[in-house]
Amino acid sequence: MNNFAQYLSKRIFSKNVEYAATRDGFGDGLVLCGQKDERVVAICADLTESTRMEAFSKKFPERFIEVGVAEQLMVTLASGMANYGKIPFIASYAVFSPGRNLEQIRTTVALNNVPVKIIGAHAGISVGPDGATHQALEDIAIMRTMPNMIVIVPCDALEAKKATLEAAFNKKPTYIRLTREKSPIITTQNSPFMIGKAEIFVAGHDVTLIACGPLLYETLMAARDLKKEGIGAEVINCNTIKPLDEKTILDSVKKTQAVVSIEEHQIIGGLGGALSELFSQKFPVPQEYIGVHDCFGESGTPQELQKKFGLTVFDIIESAEKVLRRKTS
Amino acid sequence: MSQKNLTIKQLEKKANEIRQDIIRMLYEARSGHSAGSLDMADIFTALYFHILTHYPKRPLWAQRDRLFLSCGHIAPVRYAAMAHAGYFPRKELLTLRKLGSRLQGHPERVRLPALESTSGPLGSGLAQAAGYAYAARMDKQKFRVYCITSDGEHDEGNHWEAVLFAAKNRLSNLTLFVDRNNIQIDGYTEDVMPLEPLNKKYEAFGWHVLDIDGHNMEEIIDATNHAKAVYEKPTVIIAHTIAGRGVQYMEGEYTWHGIPPKSKDELYRALHDLRTLGGTIQSEHE
């Protein structure tokens, strides 16, 4: 969508910007899926409230299955149910699923090619005080390497809701990454959303900023600040990491010839890795990475951690300036 | 169509034919798992030729009984039973493990209809079968879900998660077989990771337990009928088997878990054993 700017929330940069967590969008979306199609079932591994499956479990108790702390069981049950003909959503924290159940996802969902919808909640360092063991920083990389798997990272609660609805009926194994913290609502109810379609939030000619997840907000703020310096940044919301919207991304990159990738994830193998693979094959350009630099997270407030791990507006601006220097040198 | 009119003697003969095909398949493929495939031939024969409600010519018939093979490495016995039952021509059995074959080294759902699922890694078949059975019961389906596991795969936690789940949900439309042949790759199960008393473990987990001779056709069939009459619990049929059953130089030996007969001598001796029922009859029947 090249003219997406019209669909952005008018309140993004105002004091009364709306906040909601992507997991809340998922929870709402799941209930709608359940209303739409009785084949939709939900399975949870002892994290019903925090993964926001609770509303579904109360509304459709006969279609909700609690398995206790057993992520391998959760996904293999889902595989059997999808095999039968149900549309199962499974949810846990992204460190555990995928993670503890990786091989079962590989064999019983991806290789079997059954339409299980895997929700990886509490992803990224913004999980906060729980610390490193609960902060997933490698899940995009892991799921990206799975054949037959769709990988979606919604930028706000509204996208998360739309992604949930679309994923339910795409007939494919699908992974959706969600975060814990409330984050700004960037899109609107009317914003078009399509799995596999990257959106150009802001048009620009000098540098392309490609982000996924709630860091789109920081990216938009960075673009606004860069504009004051006379730098035109094009902001792309890459909501689908797999399959990548190669055309939209390459069209932008051919124009700007400089890229910063932005994700709440290791700089190894995630969105940045996927983009590098694309560029090195189709159109080599200098690229800077915003992400976690090959280390584990830790306890802290989300704001403190964002700063410590280099995921702020300031870091994005710095990287944009750095890649521009690389472009011209 | 569903064949429920074979006599016990006919079923035993069929199992013997299937064992011979397993040997031929493994020899031709030059790799594969002999011990478990052979020792489960009686149960697979009983399933495909008596127990299961199914139509080989309509492998995805919606009301068929489902069979999940969790210990996917014994795929040769499943493929052989399916071929003999009419799912595909017997000569296709010799394509086992070859490039482009529908008969992959470990069974894959997308390659061959009515395999129900993909397996090989161990420990996750019962959970899939339980999920399937649960979903089927939600829709008040009448068919039964069978699952076959090996004793070795009971080392995997995923399996016991499924055992807990099936008992919690009283999945009485689910019947589990355990191939209790006492072997795994690194040795005898009771040396590697002791499982006994296995029946008491299942009872403690809330299952109905049957212990049978896994080579006795009547006991196999009786046990599955018994399982159908138990409503408040899922049933496990612990089938005591002899690894490599039917081939004297393989019987009871864990070293034959993951290898095929390699030499012509091994091939002929195996077929000879099977054709003469271990030397108990003079002439080799075909």
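Heavy atoms only: backbone and side chains are in, while hydrogens, waters and symmetry mates are out. Chain identifiers are assigned alphabetically (A, B, ...) following the order of the sequence lines, protein sequences preceding nucleic acid strands; residue numbering begins at 1 within each chain.
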#### Entry: Heavy-atom proximity to chain B below 4.5 Å, by part of A/Arg63
both

### Message
Does B/Lys201, at its NZ atom, have more than 12 non-hydrogen atoms belonging to other residues, nucleotides or ligands within less than 6.0 Å?
### Response
yes

### Task
Answer yes or no: does atom NZ of A/Lys36 have more than 12 heavy-atom neighbours from other residues, nucleotides or ligands under 6.0 Å?
no

## Note on the structure
Nearest heavy-atom contact between B/Arg109 and A/Asn113 is NH2-O, 3.4 Å

### Query
For the atom pair CG (A/Asn101) and OG (B/Ser124), what is the distance rounded to the nearest 0.5 Å?
11.0 Å

### Message
Nearest 0.5 angstrom please: B/His106 NE2 to A/Thr107 OG1, how far?
### Response
10.5 Å

### Task
Go through the atoms of B/Gln141 and report whether side chain, backbone, both or neither lie under 4.5 Å from a heavy atom of chain A.
side chain

### Query
Quick check: does any side chain N or O of A/Asn112 sit under 3.5 Å from a backbone N or O of B/Thr118, one acting as donor and the other as acceptor?
yes

### Task
Using non-hydrogen atoms and a 4.5 Å limit, figure out which bit of B/Ala162 sits close to chain A: side chain, backbone, both or neither.
both

### Task
Would you mind reporting whether A/Met74 and B/Glu161 have side-chain heavy atoms less than 4.5 Å apart?
no

#### Entry: CD-CH2 distance between A/Gln72 and B/Trp160, expressed to the nearest 0.5 angstrom
15.0 Å

## Note on the structure
Cut-off 4.5 Å, heavy atoms of chain B, and the answer for A/Ile43 is neither

### Most contacts with chain B, counted as non-hydrogen pairs under 4.5 angstrom, among A/Ile65, A/Val75, A/Val67
A/Ile65

### Message
Within the structure provided, determine whether B/Tyr134 and A/Met81 are in side-chain contact (heavy-atom separation under 4.5 Å).
### Response
yes

### Query
Around A/Arg100, counting heavy atoms of other residues, nucleotides and ligands shown, do more than 12 lie under 6.0 Å from its CZ?
no

### Query
Within a strict 4.5 Å, meaning less than it, do heavy atoms of the A/Thr76 and B/Asn158 side chains meet?
yes

### Task
Would you mind reporting whether A/Asn83 and B/Arg66 have side-chain heavy atoms less than 4.5 Å apart?
no

### Message
Check whether B/Gln128 reaches the backbone of A/Leu77 with its side chain - one donor and one acceptor, N or O, closer than 3.5 Å.
### Response
no

### Task
Report the relative orientation of the aromatic rings in B/Phe143 and A/Tyr84; use parallel for angles under 30°, tilted for 30 to 60°, perpendicular for over 60°.
tilted

### Task
State whether the number of non-hydrogen atoms from other residues, nucleotides or ligands found under 6.0 Å of A/Phe64 atom CZ is greater than 12.
yes

### Summary
Under 4.5 Å to a heavy atom of chain B? For A/Glu38 that would be neither

### Query
Does the side chain of B/Met138 reach to within under 4.5 Å of the side chain of A/Val41, using non-hydrogen atoms?
yes

### Query
Among A/Glu71, A/Gln104, A/Glu62, which residue forms the greatest number of heavy-atom pairs with chain B at distances under 4.5 Å?
A/Gln104

### Query
Counting heavy atoms not belonging to A/Phe169, are there more than 12 under 6.0 Å from its CZ?
yes

